Asker: 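Following this message is one structure expressed as structure tokens.
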There are 2 protein chains.
Amino acid sequence: MTKQHSNSVVKIKSMNESDALLRQFVGYRMKRIYMLIQEDMTRVLEPFGLRIGTFSALAVLMDSPGISQTQLSRILNIKRSGVVVVVDELENVGALERRPVANDRRVYALHVTSAGITLWERAERAVQGHETAMFSELDTDDIEQLQMLLGRAIKSVSGRGESDKK
Amino acid sequence: MTKQHSNSVVKIKSMNESDALLRQFVGYRMKRIYMLIQEDMTRVLEPFGLRIGTFSALAVLMDSPGISQTQLSRILNIKRSGVVVVVDELENVGALERRPVANDRRVYALHVTSAGITLWERAERAVQGHETAMFSELDTDDIEQLQMLLGRAIKSVSGRGESDKK
DNA sequence: TATTGTTATACTCTATAACTATA
DNA sequence: TATAGTTATAGAGTATAACAATA
């Protein structure tokens, strides 16, 4: 690709091995992979009018319908102010609604609409298929292994002070 | 913590399980973990006057001294304009220098100074120790497994069009 | 007083595009 | 013409802080 420019500057091994030292860090590997996933995920979700943030919110709300924005913010580990934007966006496309709560007029109960459910199901299938394709060099056992290790890693990593960091 | 606010709004299982549906996606798990790592990494690197970006650049340059900024940008998967900032920052603290190249006066050969090497060695130890602590619930075999799977995943994921996307 | 949702603002990281000096 | 490095600008994602309504 392009010219190698190999006379004056040190020749590097290969585009994919020259960060060998960096790759010994789990965190860096994670970052690198996540960046790629994020990029593709954004493209996969675009036709559905979703972003990673709105897709994630939808997933949580499919799981736990009726929760408040504050609860959603805690689950997604983002601030309440960030949730407003996400919920606005989903409400604007008719995927969810803010329902008033009788006992407490400060909060909204978030509910995915039937249109939202359909949207979620289609998007979810697309994302699943996409992940499968992405990790195509890993077989089923590998993925399972990876999921298990990531699951334990996330527990281990977030074990110290999940909720209200400072 | 704080009050559970459990009367009017649906009670959710637990702060750590309420994103169960989301966690089935490898990408989401990766994001969640990377966010936590990033946060802690930033804190670990701060006393050394480094950020994740400058730490990464240093790692690459320890591995491949003498490369150009353009080469560095390709390895780190960021744009050349981004590299300028990183290199400026490292040069300002005396960790590396831009050496003119005889045959081509457009490029600089990047070299870590001896002070930079010392800095790197100290920071690297701190980060290593930190990663070990972070993944404390995973034993040595687990980490090795994880590294192997991530290594294969990153290959699989980036297999299509590494260098000049589009 | 404390909390929910909201708004405005700022910060970080990265990308895009235009420029310069060399090739 | 093309490339290396640079600069200015903008966008995405998220955090901080202040505010009104409600508890």
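Chain naming here is simple, since letters A, B, ... match the order of the sequence lines and numbering starts at 1 in each. Bear in mind that the values here come from a model prediction, so they are computed numbers and not experimental data.
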Asker: Can you check whether Asn77(B) reaches Met35(A) side chain to side chain, under 4.5 Å on heavy atoms?
Answerer: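 The answer is no, as the side chains (C-beta and beyond) never meet within the 4.5 Å cut-off.
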Asker: How many whole angstroms separate atom CG of Leu76(B) from atom P of dG5(D)?
Answerer: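 In whole Å, dG5(D) P and Leu76(B) CG are 13 Å from each other.
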Asker: Tell me whether the count of non-hydrogen atoms from other residues, nucleotides or ligands lying under 6.0 Å of CD in Glu144(B) goes above 12.
Answerer: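 At most 12 heavy atoms, drawn from other residues, nucleotides or ligands, come within 6.0 Å of this atom.
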Asker: Table please: side-chain donor-acceptor pairs of residues 117-125 of chain A below 3.5 Å, with sequence neighbours left out.
Answerer:
residue: Thr118(A); atom: OG1; partner: Ser114(A); partner atom: O; Å: 3.1
residue: Glu124(A); atom: OE2; partner: Gln128(A); partner atom: NE2; Å: 3.3

Asker: Could you tell me how far apart Asn77(B) (CG) and dC13(C) (C1') are, to the nearest whole angstrom?
Answerer: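 The distance from CG of Asn77(B) to C1' of dC13(C) comes to 14 Å, rounded to the nearest Å.
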Asker: Phe135(A) vs Ile37(A), test: side-chain contact (heavy atoms from CB on, under 4.5 Å). Steps then yes/no.
Answerer: CA-CA 10 Å; Phe135(A) 295 96; Ile37(A) 291 175; 3.7 Å; yes
Asker: Would you mind reading off the distance between Leu96(A) atom CG and dG5(C) atom C1', rounded to a whole angstrom?
Answerer: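 That distance rounds to 15 Å.
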Asker: Output a table of nitrogen or oxygen pairs between the protein and nucleotides 10-12 of chain C separated by less than 3.5 Å.
Answerer:
none

Asker: Can you figure out which of dT6(D), dG5(C), dA15(D) approaches the side chain of Arg98(B) most closely?
Answerer: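 Within the option list, the nearest is dT6(D).
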Asker: Just wondering, do Val86(A) and Leu72(A) contact through their side chains at under 4.5 Å, heavy atoms?
Answerer: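 Side chain of Leu72(A) against side chain of Val86(A), heavy atoms only: no contact under 4.5 Å found.
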Asker: Rounding to an integer number of Å, can you tell me how far Glu39(A) CD sits from dG11(D) P?
Answerer: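 Computing the Glu39(A):CD to dG11(D):P distance gives 19 Å.
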Asker: Tell me, do Thr70(B) and Val107(B) make a side-chain contact under 4.5 Å, heavy atoms counted?
Answerer: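 Thr70(B) vs Val107(B): side chains apart.
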Asker: A side-chain contact here means heavy atoms from C-beta on lying under 4.5 Å apart; do Asp19(A) and Arg32(A) qualify?
Answerer: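 Yes, side chains in contact.
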Asker: Starting at CD of Gln38(B) and ending at C1' of dC13(C), how long is that distance when rounded to a whole Å?
Answerer: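 Distance check: Gln38(B) CD to dC13(C) C1' gives 9 Å.
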Asker: Let me know the distance between OH of Tyr108(A) and C1' of dT3(C), rounded to the nearest Å.
Answerer: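 Going from Tyr108(A) (OH) to dT3(C) (C1'), I get 14 Å.
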Asker: Would a 4.5 Å heavy-atom cut-off, applied to side chains only, mark Ile67(A) and Leu61(A) as touching?
Answerer: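 Yes, side chains in contact.
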Asker: Please compare Met35(A) and Asp88(A) by the position of their nearest nucleotide in DNA chain C and report the one closer to 5'.
Answerer: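 The 5'-side residue here is Asp88(A).
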Asker: Is Arg23(A) close to Gln147(B) at the side-chain level, that is, under 4.5 Å between some pair of heavy atoms?
Answerer: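 Contact flag for Gln147(B)/Arg23(A) side chains = no.
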Asker: Could you work out, with side-chain hydrogen bond (donor to acceptor under 3.5 Å, both in side chains) as the rule, every residue matching Arg98(A), not counting sequence neighbours?
Answerer: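 With sequence neighbours excluded, Arg98(A) shows a side-chain hydrogen bond (donor to acceptor under 3.5 Å, both in side chains) to Gln69(A), Asp88(A), Glu91(A), given in chain and number order.
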Asker: Report yes if a side-chain nitrogen or oxygen of Lys31(B) is closer than 4.0 Å to either non-bridging phosphate oxygen (OP1 or OP2) of dG13(D); otherwise report no.
Answerer: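 For Lys31(B), the contact criterion (side-chain N or O under 4.0 Å from OP1 or OP2 of dG13(D)) is not met.
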Asker: Over how many whole Å does the gap from Leu72(A) atom CG to dT4(C) atom P extend?
Answerer: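 So the two atoms are 13 Å apart, to the nearest Å.
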Asker: For Gln69(B) and dT3(D), is the shortest distance between a side-chain N/O and OP1 or OP2 below 4.0 Å?
Answerer: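 No, Gln69(B) has no side-chain N/O under 4.0 Å of OP1/OP2 on dT3(D).
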Asker: When you check every protein heavy atom under 4.0 Å of nucleotides 16-23 of chain C, what one-letter string (B, S, -) results, 5' to 3'?
Answerer: BB----BS
Asker: Using atom types as modelled, flag every donor-acceptor pair under 3.5 Å from a side chain in residues 48-55 of chain A to any protein atom, sequence neighbours excluded.
Answerer:
residue: Arg51(A); atom: NE; partner: Glu89(A); partner atom: OE1; Å: 3.2
residue: Arg51(A); atom: NE; partner: Glu89(A); partner atom: OE2; Å: 3.0
residue: Arg51(A); atom: NH2; partner: Glu89(A); partner atom: OE1; Å: 3.0
residue: Thr54(A); atom: OG1; partner: Arg51(A); partner atom: N; Å: 2.7
residue: Thr54(A); atom: OG1; partner: Arg51(A); partner atom: O; Å: 3.0

Asker: Can you pull out how bent the helix from dT1(C)-dA23(D) to dA23(C)-dT1(D) is, comparing the axes over its first five and last five pairs, to 10°?
Answerer: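 If I round to tens, the end axes sit 10° apart.
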Asker: May I ask you to test the Gln71(B)-Leu110(B) pair for a side-chain heavy-atom distance under 4.5 Å?
Answerer: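 The answer is no; the side chains never approach within 4.5 Å.
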Asker: Using atom CD of Gln71(B) as one end and atom P of dT3(D) as the other, report the distance to the nearest whole Å.
Answerer: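 Nearest whole value for this atom pair: 14 Å.
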